[in-house]
Protein chains: 2
Amino acid sequence: MSDKRTRAPRNTLNPELIVTTALRLMAADGVEAFSLRALAKELGVGPMALYTYFRGKDELFDAVRDHLLGTRRLATAKGPWQQQIRSVATGLRELLLEYPCLLRILASRPLKGPETAAVTETLVRALREAGFSKENAARAYTMLFTFVLGAALWESQMNAEKQDPEGRRRLRATMASLSEVDYPTVVDLAGELAATSGGDAQFEFGLRALVAGLEPLLD
Amino acid sequence: MSDKRTRAPRNTLNPELIVTTALRLMAADGVEAFSLRALAKELGVGPMALYTYFRGKDELFDAVRDHLLGTRRLATAKGPWQQQIRSVATGLRELLLEYPCLLRILASRPLKGPETAAVTETLVRALREAGFSKENAARAYTMLFTFVLGAALWESQMNAEKQDPEGRRRLRATMASLSEVDYPTVVDLAGELAATSGGDAQFEFGLRALVAGLEPLLD
DNA sequence: CGGCGTACAGTACACCGTACAGTAGCGGCA
DNA sequence: TGCCGCTACTGTACGGTGTACTGTACGCCG
């Protein structure tokens with residue numbers, strides 16, 4: 001970023017710059033390849049400079065997560081409550097798929113605070129307005145959220161595996177090597193399982209079924 | 001494990017011993033605290049000895065995952081297909097909650113092979129026997145699996161956060177600090193959200209709704 | 001009993017997060 | 001305008017990690 005010889009001036013750093021740069025690096029090379037040292041080099045400072053703004057790597061991860069979760073407000077579509085809910089869930093999935101690092105952070109670090117409040121508010125409000133009781137709204141929210149999380153996580157990993165040709169080959173080899181006597185149904189459905197292992201249609205299918213299963217709770 | 005002075009005899013190691021010991025360490029101290037060096041020390045061996053059996057840490061993780069997924073066959077309850085499916089899903093959740101490290105491995109490393117074939121077979125067979133088409137069975141399976149994964153992941157992290165009193169305090173403080181004008185519904189449902197954020201009842205609720213949403217697909 | 005393959009040991013390297021102590025640039029006050 | 005103190009940044013260092021490469025001695029087989 002800057003020349004190698006100069007000492008970085010006094011106000012080169014601020015939390016937001018650090019977070020956005022960290023996010024850029026994580027999006028480029030993956031969370032696991034991310035390191036404080038690489039981030040510091042990218043910013044043209046020494047590694048320890050970051051500790052002025054964050055207690056450590058974990059806190060920086062939290063900040064990145066909060067940044068992503070706070071930046072986007074998920075829009076609620078107009079229409080019947082089923083559609084409203086589906087639109088929020090779809091928006092959340094898209095956010096998670098756009099930033100796999102966010103997915104990894106959510107999956108590896110417990111929530112500490114109000115980070116998800118925005119998406120929670122959106123979803124829970126739609127559920128309440130649809131007529132769900134307090135308890136059912138809370139339950140339905142948790143269910144929807146965890147479903148989207150799991151689906152996005154799985155999809156993201158399938159995508160990762162399908163990225164490199166070696167992974168594709170391995171997947172195919174695996175399917176072919178399955179014993180037909182041990183796993184007859186899996187072998188029979190190999191094609192369908194591979195075809196539906198991810199993608200918008202699969203998510204839409206699950207989401208519709210889930211929301212449909214919620215309807216009877218409205219009496 | 002052995003004295004410090006002696007050289008380890010020739011056949012102290014084998015893949016299974018390594019995997020089970022690794023699993024024990026991971027279950028005791030968490031996946032992130034696990035290191036090859038600690039494992040080697042536990043086995044009374046130098047770190048590089050492990051490389052005779054595994055290409056590296058990643059491959060060892062895969063082996064642990066396969067060990068856990070292969071050991072237990074999830075039982076299918078007798079009864080209507082809804083109940084069969086729910087029983088398998090519940091069994092999978094219990095396995096994931098019993099071994100949080102398995103959860104972490106599943107969430108961080110893409111599947112490479114037939115590891116999930118056993119649970120896939122169980123679920124997909126039940127769905128097919130219930131009368132679902134090939135495509136719908138595959139879709140329903142993927143949906144169920146990702147739901148259980150997401151729910152268990154979320155629950156496991158909530159549990160972790162609730163473990164230490166500091167985490168509990170932080171959760172409560174967070175709820176209290178939420179602005180009532182920004183997040184009125186969340187504040188209104190704070191109690192319900194906290195109460196339903198995990199546990200068997202929450203999972204059961206989600207699972208029932210999900211399976212109920214599947215029923216219309218049978219025509 | 002001897003030699004050979006290989007399961008283990010040892011050393012080394014690059015990299016990680018971060019504790020601790022020093023230094024220099026900037027804002028604010030005289 | 002000039003100086004002073006605060007603090008944002010630097011440097012060094014430590015203990016840890018995964019793992020590549022090289023050496024060694026053990027136990028099996030002829």
Mind listing the side-chain donor-acceptor pairs of residues 30-40 of chain A below 3.5 Å, one per line with the distance, residues two or more places apart or on another chain?
from, atom 1, to, atom 2, distance (Å)
A/E32, OE1, A/R104, NH1, 2.8
A/S35, OG, A/A38, N, 3.0

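- Residue B/E16 places its CD atom among 12 or fewer non-hydrogen atoms of other residues, nucleotides or ligands, all under 6.0 Å distant.
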Between A/R93 and A/L207, is a side chain to side chain contact (heavy atoms under 4.5 Å, CB included) present by the stated rule, with each step listed?
CA-CA 11 Å; A/R93 167 176 174 264; A/L207 188 55; over 6 Å; no
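- One interatomic measurement links the two molecules: CG of A/L50 to P of C/dC20, which rounds to 18 Å at whole-angstrom precision.
- Across the protein-nucleic acid pair, B/Y53 atom OH and C/dA9 atom C1' stand 14 Å apart, rounded to whole Å.
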Decide yes or no on side chain to side chain contact (heavy atoms under 4.5 Å, CB included) for A/Q202 and B/T146, but give the supporting numbers first.
CA-CA 11 Å; A/Q202 169 62 34; B/T146 55; 5.9 Å; no
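- Between C/dA7 and B/T12, no contact under 4.0 Å exists linking OP1 or OP2 to a side-chain N or O.
- Here C/dC8 presents its P atom at 13 Å from CG of B/L39, a figure rounded to the nearest Å.
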Apply side chain to side chain contact (heavy atoms under 4.5 Å, CB included) to the pair A/L23 and A/Y99, showing each step before the final yes or no.
CA-CA 9 Å; A/L23 176 57; A/Y99 296 100; 4.0 Å; yes
Output a table of nitrogen or oxygen pairs between the protein and nucleotides 22-25 of chain D separated by less than 3.5 Å.
from, atom 1, to, atom 2, distance (Å)
D/dT24, O2, B/R7, NH2, 3.3

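- The side-chain hydrogen bond (donor to acceptor under 3.5 Å, both in side chains) search around A/N159 returns none, not counting sequence neighbours.
- A straight line from CZ of B/R55 to C1' of D/dC21 spans 17 Å, rounded to a whole angstrom.
- Residues passing the side chain to side chain contact (heavy atoms under 4.5 Å, CB included) test with A/P9, sequence neighbours excluded: A/T12.
- B/Y141 and B/T120 share a side-chain donor-acceptor pair at under 3.5 Å.
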Can you give me the N/O atom pairs linking the protein to nucleotides 14-17 of chain C at distances under 3.5 Å, or say none if there are none?
from, atom 1, to, atom 2, distance (Å)
C/dC16, OP1, A/S35, OG, 2.8
C/dG17, OP1, A/L36, N, 3.1
C/dG17, OP1, A/K57, NZ, 3.1
C/dG17, OP2, A/L36, N, 3.0
C/dG17, N7, A/R37, NH1, 2.2
C/dG17, O6, A/R37, NH1, 3.0
C/dG17, O6, A/R37, NH2, 3.4

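- In this structure A/A49 satisfies the side chain to side chain contact (heavy atoms under 4.5 Å, CB included) test together with A/L13, A/V45, sequence neighbours excluded.
- At whole-Å resolution of the value, CE in B/M48 and C1' in D/dA20 are 6 Å apart.
- Atom CD in B/E59 sits about 14 Å away from atom C1' in D/dT19, given to the nearest Å.
- For B/L13 and C/dA9, the CG to C1' distance is 13 Å, given to the nearest whole Å.
- In this structure, A/F54 reaches neither bases nor backbone, as no heavy-atom distance under 4.0 Å exists between it and the strands shown.
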